[in-house]
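Notes follow once the structure below has been shown.
Note that the structure is predicted; figures quoted are calculated from it, not measured. Residue numbers begin at 1 in each chain, while the letters A, B, ... track the order of the sequences.
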Amino acid sequence: MENIASHEDWKRCFCEIAPGLLLFARQWVHSAADAEDIVQEAFVKFWRRNHKIDNRALLYSAVRSIALDFIRRNSRRARREASAFEETDFSEPQFEIEDETQRALAGAIDGLPREQREVLVMKIWNELTFAEIAGALGISQNTAASRYRYALAALKKMLQPQ
Amino acid sequence: MNDFSDIENDLQKLRPTQPSPVLFKRIDEALAKHRSAPVAADTRRNWRHLLETPYNWGFALAAAAVLVLFAAISLERRQEHGENVTQVSSAPETTHSVPATPNGSEIARTEPLNKFVPAGATQVVYNTRDEGLQFTNASAQPVRRLRYHSRQTWQWRNPTTGASLRVSYPSEEVVLIPVSGQ
């Protein structure tokens with residue numbers, strides 16, 4: 001009886017964090033379907049290992065690790081996809097764009113270096129603390145905070161009117 | 001002073017795309033498949049964690065108040081139902097011209113089968129976001145905008161059959177708190 005209730009809690013927890021987790025996974029894979037596979041594998045693995053539900057650093061670390069494994073396993077396919085993206089400039093949107101300002105912002109985020117972008121995604125859309133980000137990425141809190149500031153500075157510069 | 005607050009606000013307004021419903025279904029199936037994992041202790045800790053902030057306590061108290069209200073309504077309805085039963089059973093005794101048919105008594109018995117009474121309501125706030133100071137409607141006084149994301153769950157129960165119905169949905173609430181310039 002208690003286990004059934006707790007599973008409901010896990011399901012609810014997943015509903016709440018899923019958009020942010022998916023966005024985080026999509027920092028490594030272009031395809032939304034692949035990102036969903038990664039998120040599913042990481043979440044179920046996290047749950048089965050009986051971790052605390054609020055240990056978010058570990059959950060994001062799991063997503064990152066599985067995403068990197070996925071890239072290694074599918075490197076040929078990933079290269080082919082990457083070249084297709086470069087040629088056609090077609091990718092599934094990561095954000096729900098409402099106006100041109102948001103479109104420009106989303107484009108600028110895509111242009112950030114990956115290490116800055118992942119910290120930004122974890123901080124803004126997943127609301128992790130710098131301590132949690134540091135834990136998930138295996139870096140110091142100061143490095144996490146610096147990457148975040150660099151990302152914001154770079155975005156500000158990219159979006160400044162010429 | 002944080003000179004990136006503008007860009008941070010713009011970023012927070014940008015919403016990630018929602019996962020496909022298939023993913024939720026797959027997660028549901030995966031969790032159901034391995035039900036034996038002892039995860040209850042962790043989740044209990046998590047709900048306690050949700051009650052750590054004063055805002056969440058406020059919502060918890062509101063939810064408790066709704067629960068009490070439903071209990072009162074449920075009790076009232078049960079009393080009404082009890083009166084109805086008395087009337088139905090006394091009718092054949094006083095009115096001899098209308099015989100008590102099997103069909104008539106069947107209707108009287110089956111009526112409560114369709115009755116669902118409220119059995120509970122919960123509201124769990126899982127995210128509170130401070131969106132900073134704002135000026136609304138050309139007002140000179142700034143207001144602080146707080147956005148709460150919560151999940152509300154309502155339950156009804158049929159006391160006759162024991163069947164229950166549960167509706168759960170996410171909700172979003174924006175609260176504006178005037179900020180004094182002092």
Side-chain angles (χ1 to χ4, degrees), chain A residues 2-24 26 32-33 35-37 39-41 43-44 47-55 92-98 101-102 105-106 109 120-121 123-127 148-149 151-153 155-156 159, chain B residues 2-50 52 122 124-130 147 149-153 166 168-172:
Chain A
E2 196 150 88
N3 269 348
I4 292 167
S6 65
H7 288 196
E8 285 296 316
D9 293 340
W10 278 88
K11 271 161 58 183
R12 262 182 236 155
C13 163
F14 181 75
C15 291
E16 288 147 18
I17 62 173
L21 264 185
L22 191 67
L23 181 66
F24 184 60
R26 291 196 62 186
E36 287 190 353
D37 287 346
V39 166
Q40 181 189 350
E41 192 180 337
F43 189 80
V44 173
W47 169 73
R48 290 200 71 187
R49 287 190 179 170
N50 204 17
H51 293 306
K52 284 186 189 175
I53 202 166
D54 52 359
N55 192 346
E92 292 162 274
Q94 295 187 15
F95 297 100
E96 290 169 1
I97 305 290
E98 288 174 7
T101 313
Q102 291 199 342
L105 189 56
I109 293 165
L120 189 78
V121 166
K123 181 75 182 153
I124 298 282
W125 293 285
N126 292 281
E127 298 178 343
Y148 180 68
R149 277 197 305 274
L152 294 181
L155 287 176
K156 204 169 177 178
L159 295 169
Chain B
N2 181 6
D3 57 342
F4 295 123
S5 53
D6 289 349
I7 194 95
E8 279 180 311
N9 282 339
D10 288 343
L11 287 167
Q12 278 163 357
K13 284 177 198 160
L14 207 55
R15 290 181 180 269
T17 52
Q18 291 295 314
S20 68
V22 177
L23 177 63
F24 293 109
K25 198 179 163 201
R26 275 161 39 191
I27 289 286
D28 192 10
E29 284 168 0
L31 296 185
K33 204 169 140 189
H34 310 283
R35 283 226 157 135
S36 56
V39 291
D42 288 336
T43 50
R44 276 203 300 276
R45 271 197 292 275
N46 180 55
W47 295 117
R48 277 207 295 271
H49 170 75
L50 284 172
E52 277 172 8
T122 56
V124 178
V125 178
Y126 60 84
N127 183 24
T128 305
R129 179 185 286 173
D130 184 347
R147 189 179 293 273
H149 292 105
S150 59
R151 179 162 286 273
Q152 297 192 1
T153 306
R166 197 170 82 153
S168 181
Y169 55 90
S171 67
E172 190 177 63

> When you look at B:Arg15 and B:Glu172, which way does the salt bridge (charged side-chain N to carboxylate O under 4.0 Å, His left out) test go after all the steps?
Replying inline: CA-CA 14 Å; B:Arg15 290 181 180 269; B:Glu172 190 177 63; 3.3 Å; yes
> Is B:Arg26 salt-bridged to A:Asp37, going by a charged N under 4.0 Å from an acidic O?
Replying inline: yes
> Contact part of A:Leu23 toward chain B, heavy-atom cut-off under 4.5 Å: side chain, backbone, both or neither?
Replying inline: side chain
> Of the listed residues (A:Cys15, A:Ala32, A:Gly20), which shares the most heavy-atom pairs with chain B below a 4.5 Å separation?
Replying inline: A:Cys15
> Does any non-hydrogen side-chain atom of B:Gln152 lie less than 4.5 Å from one of B:Tyr169?
Replying inline: yes
>> With a 4.5 angstrom heavy-atom cut-off, is it the side chain or the backbone of A:Phe24 that approaches chain B, or both, or neither?
In response: neither
> Which value, rounded to the nearest 0.5 Å, describes the distance between A:Arg26 atom CZ and B:Thr17 atom OG1?
Replying inline: 5.5 Å
> Does a side-chain N-to-carboxylate-O contact under 4.0 Å join B:Arg129 and A:Glu127?
Replying inline: yes
> Which answer fits A:Ala33, side chain, backbone, both or neither, if we ask what part of it has an atom under 4.5 Å from a heavy atom of chain B?
Replying inline: neither
> With a 4.5 angstrom heavy-atom cut-off, which part of A:Leu120 approaches chain B: side chain, backbone, both or neither?
Replying inline: side chain
> At a heavy-atom separation under 4.5 Å, does B:Arg151 approach chain A through its side chain, its backbone, both, or neither?
Replying inline: side chain
> By a 4.5 Å heavy-atom criterion (distance strictly below it), what part of A:Leu155 contacts chain B: side chain, backbone, both, or neither?
Replying inline: both
> Which answer fits A:Gln94, side chain, backbone, both or neither, if we ask what part of it has an atom under 4.5 Å from a heavy atom of chain B?
Replying inline: backbone
>> Taking side chain as everything from C-beta outward and backbone as N, CA, C, O, which of these in A:Leu21 sits under 4.5 Å from a heavy atom of chain B? Side chain, backbone, both or neither.
In response: neither
>> We want to know whether A:Glu36 and B:Ser20 form a side-chain donor-acceptor pair, criterion being a heavy-atom distance below 3.5 angstrom.
In response: yes
>> One thing to verify: whether A:Lys11 and B:Glu29 come together as a salt bridge, which I'm taking to mean a side-chain N less than 4.0 angstrom from a carboxylate O.
In response: no
> Which of the residues A:Val39, A:Val121, A:Leu105 is involved in the greatest number of heavy-atom pairs with chain B at under 4.5 angstrom?
Replying inline: A:Leu105
> Which atoms form the tightest heavy-atom contact between B:Leu23 and B:Pro19, and what is the distance?
Replying inline: CD2-CB, 3.7 Å
>> Please classify the contact of A:Ala18 with chain B as side chain, backbone, both or neither, using a heavy-atom distance under 4.5 Å.
In response: both
